[in-house]
Amino acid sequence: MYDFINGDEYAPAPESTSELNVKEQYGLFIHGEWCDAEGKKTFDTIDPSNQKVLSKVALASSNDVDKAVAAARSAYNGEWGQMSGSDRGKYLYRISRLIQERSREFAVLETMDGGKPIRESRDIDLPLVAAHFFYYAGWADKLDYAFPGKQKVSSVGVVGQVIPWNFPLMMAAWKIAPALACGNTVILKPAETTSLTALLLAEVIAEAGVPAGVVNIVTGAGDTGRAIVEHPDIDKIAFTGSTCVGKQILKAVAGTEKTYTLELGGKAAHVIMDDAAIDQAVEGIVNGIFFNQGNVCCAGSRLLVQEGVAEKVIKKLKKRMESLIVGNPLDKNTDIGAINSKEQLNTIKRMVKSATKEGAEVWQPEGNVPRKGNYFPPTLILDCAQSHTVVQQEIFGPVLTIQTFRTVNEAIEKANNTEYGLSGGVWSDKGAKVFKLTDQINAGIMWANTYNAFDPASPFGGFKESGIGCEGGLHGLYPYVKLNG
Ligand code: NAD
Ligand code: MN
């Protein structure tokens with residue numbers, strides 16, 4: 001398990017940004033080469049901390065997607081499709097080590113393009129990205145033993161992968177590592193606001209000597225994503241993003257032979273029982289909702305606190321929130337960085353306004369939030385009803401709703417009263433309560449007396465409108481293999 005407090009050996013700290021050379025323009029990575037998009041079209045990516053243009057990125061058309069799919073298909077039919085698992089593993093180990101070597105560069109670029117605090121990209125994202133490649137490298141030559149009772153394990157083919165902006169490099173790793181371990185080739189599209197670390201990863205993949213066409217990175221927005229999803233020569237779609245787009249993708253693949261996995265939104269309940277260790281629970285709550293500005297699918301965004309301790313928990317939580325630093329993502333002391341886009345910032349503002357309108361109380365600590373850039377302060381919404389918009393819908397920001405409950409059963413009922421089912425958390429000193437809550441809350445991932453603990457060996461995926469299929473662990477291999485016998 002990754003040690004969040006002390007970090008680990010995977011990623012050395014970035015010492016300065018001067019070693020980072022952000023290019024003025026980035027191309028598409030197709031068949032192992034960099035190329036312009038059709039008509040040399042580009043779009044801007046900004047640094048959300050100051051809204052300045054960071055770089056220009058190629059805007060891939062459906063013809064560019066065609067080229068990428070053709071490259072992936074020929075790589076699949078060629079050397080890569082015939083390669084032994086142990087040889088594929090060697091490439092993945094190489095990629096993991098190169099990511100470690102260049103982790104400072106990756107962390108700084110991730111923070112500049114995306115807005116997350118450098119402390120997080122350096123100490124959490126990058127180590128987990130390297131660990132993910134290491135983990136799946138280890139499976140590459142063991143696939144014949146991974147599925148007992150199955151005689152034949154083969155790859156799926158050409159995979160189209162579309163990812164969101166909140167964990168740009170980590171989502172790329174979650175997609176690419178298992179796909180390659182199982183012998184597939186990929187076309188990956190990063191989110192339009194955070195393309196740069198996926199493009200740096202392409203550089204690393206080339207440096208690792210991975211054969212041309214095995215990994216292709218195409219950049220662009222929804223239209224480029226749609227061209228991937230609708231492409232007739234793609235065998236499988238792996239998507240992470242909003243439930244709304246997930247539903248469109250489900251419609252697009254219906255009636256085709258494509259297989260699919262969808263990792264979608266969440267609205268996790270974070271349950272505090274009155275026998276919980278309160279100080280630890282408060283740290284867990286803070287980590288659960290303010291990590292990555294709350295732009296986290298599995299964020300503990302609905303606090304359910306037992307009546308007897310509610311006042312105490314809220315008081316301690318407010319005090320703790322007063323110490324959180326909102327500001328420059330590149331500053332090592334920053335706790336809450338910039339919100340990735342103006343659109344997302346406006347969504348958060350709109351949701352918080354709806355809370356006041358619907359009769360809840362909004363609380364924010366006094367303190368300095370930089371006026372320039374996309375910032376939003378850590379926020380509590382008190383006196384919430386289950387029917388409030390902020391309790392029902394994903395806010396995807398540093399905003400925590402608070403409700404109270406009396407009994408374990410009431411907590412379970414409230415926790416499950418949502419269309420989502422991705423994650424949840426429980427704090428209690430009593431094993432029986434922990435087991436009852438983690439068993440009966442209907443979510444793919446449940447944490448007990450901790451929150452947001454990730455490990456490549458642990459499967460991650462949601463129920464209900466939070467998605468279909470899992471990433472991570474042995475479970476994460478299933479979408480990328482065909483099993484016979
Ligand atoms: P989004 O759905 O708007 O976009 C995700 C990706 O899909 C982007 O690359 C986008 O360009 C692309 N896209 C947009 N329209 C498309 C279309 N019609 N066809 C194909 N591709 C299209 O999501 P977002 O705002 O980037 O990300 C935030 C969402 O992602 C949140 O809802 C969050 O909960 C979810 N998320 C889920 C997980 C998980 O593992 N379950 C992880 C991270 C984020
Ligand atoms: Mn950006």
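These numbers come from a predicted model, not from an experiment. Both ligands and their constituent atoms are indexed starting at 1 by order of listing. This chain uses plain numbering: 1 for the first residue, then up along the sequence.
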Practice prompt. Inspect the contact between Arg73 and Asp66 and indicate whether a charged nitrogen and a carboxylate oxygen are less than 4.0 angstrom apart.
Written response: no

Practice prompt. Write out the residue and atom name of the closest protein heavy atom to atom 13 (N) of ligand 1, then the distance separating them to 0.1 Å.
Written response: Gly222 CA, 3.8 Å

Worksheet entry | Heavy-atom nearest neighbour in the protein, as seen from atom 36 (N) of ligand 1, with distance rounded to 0.1 Å | Cys297 CB, 3.5 Å

Response to the item:
Within 4.0 Å of some non-hydrogen atom of Phe460, the atoms of ligand 1 are 40 (O)

Discussion item. Starting from atom 24 (P) of ligand 1, what is the nearest protein heavy atom, named by residue and atom, and what distance separates them?
Written reply: Trp165 NE1, 3.4 Å

Discussion item. Checking Ser49 against Asp47: is there a side-chain donor and acceptor pair closer than 3.5 Å?
Written reply: yes

Discussion item. Does either side chain, that of Tyr76 or that of Ser155, offer a donor lying less than 3.5 Å from an acceptor on the other one?
Written reply: yes

Worksheet item: When you measure from atom 16 (C) of ligand 1 to every protein heavy atom, which one gives the shortest distance, and what is it?
Response: Val245 CG1, 3.5 Å

Discussion item. I'd like to check whether Ser242 has a polar contact with ligand 1, where a contact means an N/O of the residue lying under 3.5 Å from an N/O of the ligand.
Written reply: yes

Response to the item:
Among Ser195, Gly241, Gly461, Gly160, closest by heavy atom to atom 35 (C) of ligand 1 is Gly241

Worksheet item: With a 4.0 Å cut-off on heavy atoms, is Phe239 touching ligand 1?
Response: yes

Worksheet item: Which protein heavy atom lies closest to atom 34 (O) of ligand 1, and at what distance to 0.1 Å?
Response: Glu394 OE2, 2.6 Å

Worksheet entry | Numbering as shown, the atoms of ligand 1 that approach Thr240 to under 4.0 Å (heavy-atom distance) | 5 (C), 36 (N), 37 (C), 38 (C), 39 (C), 40 (O), 42 (C), 43 (C), 44 (C)

Fill in: Ring centroid separation Phe460 to Trp174 under 6.0 Å
yes

Item to complete: Say whether Gly467 and ligand 1 are in contact under the criterion: heavy-atom distance to a ligand atom below 4.0 Å.
Response: no

Discussion item. Going by side chain to side chain donor-acceptor pair (under 3.5 Å), name the pairs with one or both residues in residues 384-400, residues two or more places apart or in two chains.
Written reply: Glu358-Thr389, Gln386-Gln403

Discussion item. Taking 4.0 angstrom as the limit and counting only heavy atoms of Val162, give me the atoms of ligand 1 inside it, by number and element.
Written reply: 6 (C), 7 (O), 9 (O), 12 (C), 21 (N)

Worksheet item: More than 12 non-hydrogen atoms from neighbouring residues, nucleotides or ligands closer than 6.0 Å to OH on Tyr26, yes or no?
Response: yes

Worksheet item: Looking only at heavy atoms, is any part of Phe167 under 4.0 Å from ligand 1, and if so is it the side chain, the backbone, or both, or is it neither?
Response: neither

Fill in: Test log, rule ring pair (Phe, Tyr, Trp, His ring centres under 6.0 Å), inputs Phe396 and Phe376
CA-CA 12 Å; Phe396 224 58; Phe376 198 83; over 10 Å; no

Discussion item. Out of all atoms in ligand 1, which are within 4.0 Å of some heavy atom of Glu263? Include the element for each.
Written reply: 37 (C), 38 (C), 39 (C), 40 (O), 41 (N)

Worksheet item: If we ignore angles and hydrogens, is there a donor and acceptor under 3.5 Å between the side chains of Thr219 and Ser195?
Response: no

Fill in: Within less than 2.8 Å of the Mn ion (ligand 2): protein N, O or S atom count
5

Discussion item. Tell me whether the count of non-hydrogen atoms from other residues, nucleotides or ligands lying under 6.0 Å of NE2 in His231 goes above 12.
Written reply: yes

Fill in: Approximate separation, where rounding is to 0.5 Å, of Glu263 CD and Thr243 OG1
11.0 Å

Worksheet item: For atom 9 (O) of ligand 1, what is the nearest protein heavy atom, given as residue, atom name and distance?
Response: Ile163 O, 2.8 Å

Practice prompt. Could you tell me whether atom 27 (O) of ligand 1 has at least one protein heavy atom nearer than 4.0 Å?
Written response: yes

Worksheet entry | Proximal ligand 1 atoms for Glu192, defined as those under 4.0 Å from one of its heavy atoms | 8 (C), 10 (C), 11 (O)

Worksheet entry | N or O pair under 3.5 Å between Lys189 and ligand 1 | yes

Fill in: Structural part of Ala221 in contact with ligand 1, heavy atom criterion under 4.0 angstrom
backbone

Discussion item. Is the distance between the ring centroids of Phe454 and Tyr135 under 6.0 Å?
Written reply: no

Worksheet item: Of all the atoms in ligand 1, which lie at a distance below 4.0 Å from a heavy atom belonging to Gln248?
Response: 18 (N)

Fill in: Pairing of Lys247 and Glu465 as salt bridge, 4.0 angstrom limit
yes

Discussion item. So if I count the atoms of ligand 1 from 1 in the order they appear, which ones are less than 4.0 Å from some heavy atom of Gly225?
Written reply: 19 (N), 20 (C), 21 (N)

Discussion item. Starting from atom 37 (C) of ligand 1, what is the nearest protein heavy atom, named by residue and atom, and what distance separates them?
Written reply: Leu264 O, 3.0 Å

Worksheet item: In terms of side-chain geometry, is the basic nitrogen of Arg122 or Glu110 positioned less than 4.0 Å from the acidic oxygen of its partner?
Response: no

Fill in: Closest contact, heavy atoms only, Ser55 versus Leu196
CB-CD1, 4.2 Å

Worksheet entry | Pro48 and its side-chain contact (heavy atoms from CB on, under 4.5 Å) partner, picked from Leu54, Thr194, Asn374 | Asn374

Practice prompt. Flag yes if more than 12 heavy atoms outside Glu207 fall under 6.0 Å of its CD atom; otherwise flag no.
Written response: yes

Worksheet entry | For Asn166, atoms of ligand 1 separated by under 4.0 Å from a heavy atom | 43 (C), 44 (C)

Discussion item. Checking side-chain polar atoms at under 3.5 Å, does Trp447 have a donor or acceptor matched by the opposite partner on His270?
Written reply: no

